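Because only heavy atoms are used, hydrogens play no part in the values below, and waters and symmetry mates are left out as well, while side chains stay in. Note that the structure is a prediction, hence the values are computed from the model and not measured.
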Amino acid sequence: MPIGDRHHQNGAVLATLLRSADRARHHARRPVARAPYLWDLAMLVRPEKRETLARRGTAIVIEGFLRSGNTFSVAAFRVANGHDLHVGRHLHGAPHVLRAVRLGLPTVVLVREPGDAVLSYLIRRDSLTPHDAVLEYLDFYRTAWPAREGFVVGPFDRVTGDFGGVIDEVNARFGTSFMRFEHTPENEANAFRLVEDMNRLESGGEVVETHVGRPSGARARRKEELRELLSRPRTAARLREAEALFQRYTDLAAQRAR
């Protein structure tokens with residue numbers, strides 16, 4: 001076998017092993033993601049996680065399943081309110097929501113239609129199957145639901161189109177006085193610059209289109225290529241459960257908006 005072909009084959013084998021290891025870690029962590037105090041401990045012992053973990057003195061917690069507007073929401077909040085306030089964010093575990101509620105902190109739970117959230121997540125993390133990703137979505141929102149009286153729901157469309165309204169609801173519910181984010185061209189440009197800055201920090205200095213939390217044409221095309229995978233019977237059954245759960249959250253948001 002030519003040396004170039006051998007290197008290519010070895011690289012493919014290594015990539016497969018790495019994806020398998022990542023998927024195994026994902027399944028090993030699922031029980032922890034449903035166990036609040038154990039999850040807290042797992043975050044506290046990791047400095048990079050502890051940095052964004054909710055604590056006494058945290059101004060607000062903004063949390064949701066991956067690809068649900070997390071980075072844009074944090075960026076928009078910072079554009080409106082500055083960088084000095086500590087924001088609990090980007091841990092993508094429902095126990096973070098439960099921790100925030102226990103601490104009595106202003107909390108926003110972001111929620112996105114499960115098909116879109118899952119497909120976007122799969123582009124970012126290709127080691128998982130669609131079924132894996134839907135199960136993770138269900139874990140997050142089932143675990144957070146019992147604490148719903150302690151958080152504001154931020155549906156994806158509202159977060160990306162009227163984040164100021166989400167902040168108004170936070171202020172009304174928690175007695176805070178955060179500045180609202182106005183969706184002016186200047187503010188949105190500043191928010192997306194922060195989104196890209198956060199992506200560079202995560203990705204070693206470059207903006208990675210599969211990861212960055214803003215609209216991406218390349219990611220939209222890949223989502224359409226993956227969409228048919230959600231129709232496989234086992235995945236489709238779980239997806240219907242996720243859609244029903246999503247509806248409960250959006251119904252709650254609509255009820256509170258009346």
Indicate the atoms forming the closest heavy-atom contact of [X] with [Y], along with that distance.
X      : Y      : value
Ala144 : Phe151 : O-CE2, 3.4 Å
Gly154 : Val159 : O-CG2, 3.5 Å
Arg89  : Arg78  : NE-NH2, 3.5 Å
Phe77  : Phe163 : N-CE2, 3.8 Å
Phe72  : Ala191 : CE1-CB, 3.9 Å
Thr143 : Pro146 : O-CD, 3.3 Å

Can any side-chain N or O of [X] pair as donor or acceptor with the backbone N or O of [Y] at less than 3.5 Å?
X      : Y      : value
His86  : Glu51  : yes
Arg34  : Pro95  : no
Glu113 : Gly115 : yes
Thr250 : Gln247 : yes
Asn190 : Val79  : no

Let me confirm one number: the [atom1]-[atom2] distance from [X] to [Y], rounded to the nearest 0.5 Å.
X      : Y      : atom1 : atom2 : value
Glu169 : Asn171 : CD    : CG    : 10.5 Å
Thr129 : Leu135 : OG1   : CG    : 7.5 Å
Glu188 : Thr160 : CD    : OG1   : 9.0 Å
Ser127 : Leu122 : OG    : CG    : 9.0 Å
Arg102 : Leu105 : CZ    : CG    : 10.5 Å
Leu91  : Asn70  : CG    : CG    : 10.0 Å

Checklist entry - Below 4.0 angstrom, N of the basic side chain to O of the carboxylate: do Asp132 and Arg238 qualify? => result no

Item to check | Glu196/Arg193 ion pair, N-O < 4.0 Å | outcome: no

Item to check | Residue that, paired with Phe65, satisfies ring pair (Phe, Tyr, Trp, His ring centres under 6.0 Å) out of Phe156, Tyr249, Phe246, Tyr121 | outcome: Tyr121

Flag the pair [X] / [Y] as yes when at least one side-chain heavy-atom distance between them is below 4.5 Å, and no otherwise.
X      : Y      : result
Val170 : Val108 : yes
Asp168 : Phe178 : no
Val134 : Pro114 : no
Val109 : Val152 : no
Glu136 : His131 : no

Flag if over 12 foreign heavy atoms under 6.0 Å of [atom1], [X]:
X      : atom1 : answer
Arg256 : CZ    : yes
Glu243 : CD    : yes
Glu48  : CD    : yes
Arg50  : CZ    : yes

Item to check | side-chain contact (heavy atoms from CB on, under 4.5 Å) evaluation trace for His90 with Val74 | outcome: CA-CA 9 Å; His90 282 110; Val74 171; 4.0 Å; yes

Are [X] and [Y] joined in one hydrophobic group, where the rule is that I, L, V, M, F, W and Y side chains link up if heavy atoms are under 4.5 Å apart?
X      : Y      : result
Phe192 : Phe181 : yes
Val166 : Leu85  : yes
Leu194 : Ile167 : yes
Val61  : Val111 : no
Val97  : Val32  : no

Next on the checklist: Less than 6.0 angstrom from the centroid, inside 45 degrees of the normal: does Arg248 satisfy that with respect to the ring of Tyr141?
Outcome noted: no

Item to check | Derivation of the side-chain contact (heavy atoms from CB on, under 4.5 Å) call for Ile60 and Thr107 | outcome: CA-CA 6 Å; Ile60 189 171; Thr107 303; over 6 Å; no

Checklist entry - Can you check side-chain contact (heavy atoms from CB on, under 4.5 Å) on Val87 and Thr58, steps first, answer last? => result CA-CA 6 Å; Val87 179; Thr58 293; 5.8 Å; no

Next on the checklist: Working note: Glu63 + Arg99, criterion salt bridge (charged side-chain N to carboxylate O under 4.0 Å, His left out); need CA distance, chi angles, decisive distance, verdict.
Outcome noted: CA-CA 11 Å; Glu63 193 59 270; Arg99 177 183 175 86; over 6 Å; no

Checklist entry - For Arg67 and Asp116, what are the C-alpha separation, side-chain angles and deciding distance, and is it a side-chain contact (heavy atoms from CB on, under 4.5 Å)? => result CA-CA 8 Å; Arg67 318 311 298 175; Asp116 284 340; over 6 Å; no

Next on the checklist: Looking only at side-chain N and O atoms, does Ser68 offer a donor or acceptor that is under 3.5 Å from a partner on Arg112?
Outcome noted: no

